[in-house]
Amino acid sequence: MLVSVEHIADDVLLGLWQIDVDNALSPRKNEQRAVQQLLTAMTGGDAVEITHEESGKPVLDGWHISISHTKGYAAVLLSKNHEVGIDIEYVSERVKRIADRFLRPDEQAENTIDLLLHWCAKEAIYKLYSEQDLTFQQMKIVDLQPQSDFFHVENESKNGLVSVTKVFYRIHQDYVLTYAWL
């Protein structure tokens, strides 16, 4: 079921779909069906075909695209002119078990939502800069402020260049959503 399609910036579309589970389909097929339905809504009813690069990055002719799904939801970020990255994760304590994989010693996350924001932001940045093969330890959340709707992520590429990217976020009772574009 369509939750929303928003123009969040010039030439950047954000779509969110609540996955209707068909028990006759695998969870993966349910996710793929939800993404197709969401893309149809986002592109004005046009049928679209997603292919994938060897790395797994989705490709949609004429668009920059990023896709994420989690328990119950699918999210898509689209732009004709800008590289994009998105991630969505359902709210769960399970993120605490893997925090050491993505949280740097110089980062702090005081609760589950902070951990999810770190995880999702780094996933979105990873997708955004996919050609640079960044690791989570090369990314640092620098100004997470609860009263804002964005924060910054510093990332250091393999050639030593440091860039700062603004990552937007939304916190819902069911999920945490992060997204960015260049």
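Position 1 is the first residue of the sequence; numbering continues from there. Keep in mind it's a predicted model, so treat the numbers as computed, not measured.
A pairwise comparison of heavy atoms in Arg170 and Glu6 identifies NH1-OE2, 2.6 Å as the closest pair. Counting all heavy atoms, side chain and backbone alike, Leu38 lies closest to Ser4 at CD1-O, 4.4 Å.
Not a single side-chain hydrogen bond (donor to acceptor under 3.5 Å, both in side chains) links Glu123 to another residue, sequence neighbours left out. With sequence neighbours excluded, the residues forming a side-chain hydrogen bond (donor to acceptor under 3.5 Å, both in side chains) with Lys96 are Glu93, listed by chain and number.
A 4.5 Å side-chain heavy-atom check between Arg97 and Ser92 finds every atom pair outside the cut-off. When side chains are defined from C-beta on, Leu103 does not count as touching Trp119, because their heavy atoms never get closer than 4.5 Å.
With hydrogens and angles disregarded, a donor-acceptor distance shorter than 3.5 Å links the side chain of Thr70 to the backbone of Tyr90. Asp11 places a side-chain N or O within 3.5 Å of a backbone atom of Lys80 that can act as its donor or acceptor partner. Between the side chain of Lys122 and the main chain of Met139, a donor-acceptor pair closer than 3.5 Å is present. Using a distance-only test at 3.5 Å, with no hydrogens or angles considered, no donor-acceptor pair links the side chain of His7 to the main chain of Ala9. His82 places a side-chain N or O within 3.5 Å of a backbone atom of Leu182 that can act as its donor or acceptor partner. A donor-acceptor pair is defined here as one N or O able to donate and one able to accept, closer than 3.5 Å; no such pair exists between the side chain of Asp149 and the backbone of Tyr169. Between the side chain of Arg33 and the backbone N or O of Asp20 there is at least one donor-acceptor pair closer than 3.5 Å.
Leu25 and Ile19 fall into different hydrophobic clusters, defined by Ile, Leu, Val, Met, Phe, Trp and Tyr side-chain heavy atoms under 4.5 Å apart, directly or through other members. By the rule that hydrophobic residues join a cluster once side-chain heavy atoms approach within less than 4.5 Å of another member, Leu128 and Val142 end up as members of separate clusters.
Counting side-chain heavy-atom gaps under 4.5 Å among Ile, Leu, Val, Met, Phe, Trp and Tyr, the cluster of Phe168 also holds Val3, Ile8, Val12, Leu14, Leu16, Tyr73, Leu77, Val84, Ile86, Ile88, Phe150, Tyr175, Leu177, Tyr179, Trp181.
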Practice item. In sequence, state the C-alpha distance, the side-chain angles, and the governing distance for Leu117 and Ile141, and then conclude on side-chain contact (heavy atoms from CB on, under 4.5 Å). Key: CA-CA 9 Å; Leu117 285 168; Ile141 310 300; over 6 Å; no
Practice item. Give the intermediate values and the outcome of side-chain contact (heavy atoms from CB on, under 4.5 Å) for residues His52 and Val59. Key: CA-CA 5 Å; His52 293 85; Val59 176; 6.0 Å; no
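Judged by distance alone, the side chains of Asp87 and Thr178 never bring a donor and an acceptor atom under 3.5 Å apart. With hydrogens and angles left out, the side-chain atoms of Gln138 and Thr135 include a donor and acceptor closer than 3.5 Å.
Atom CG of Asp10 sits in a sparse spot, with 12 or fewer heavy atoms from other residues, nucleotides or ligands closer than 6.0 Å.
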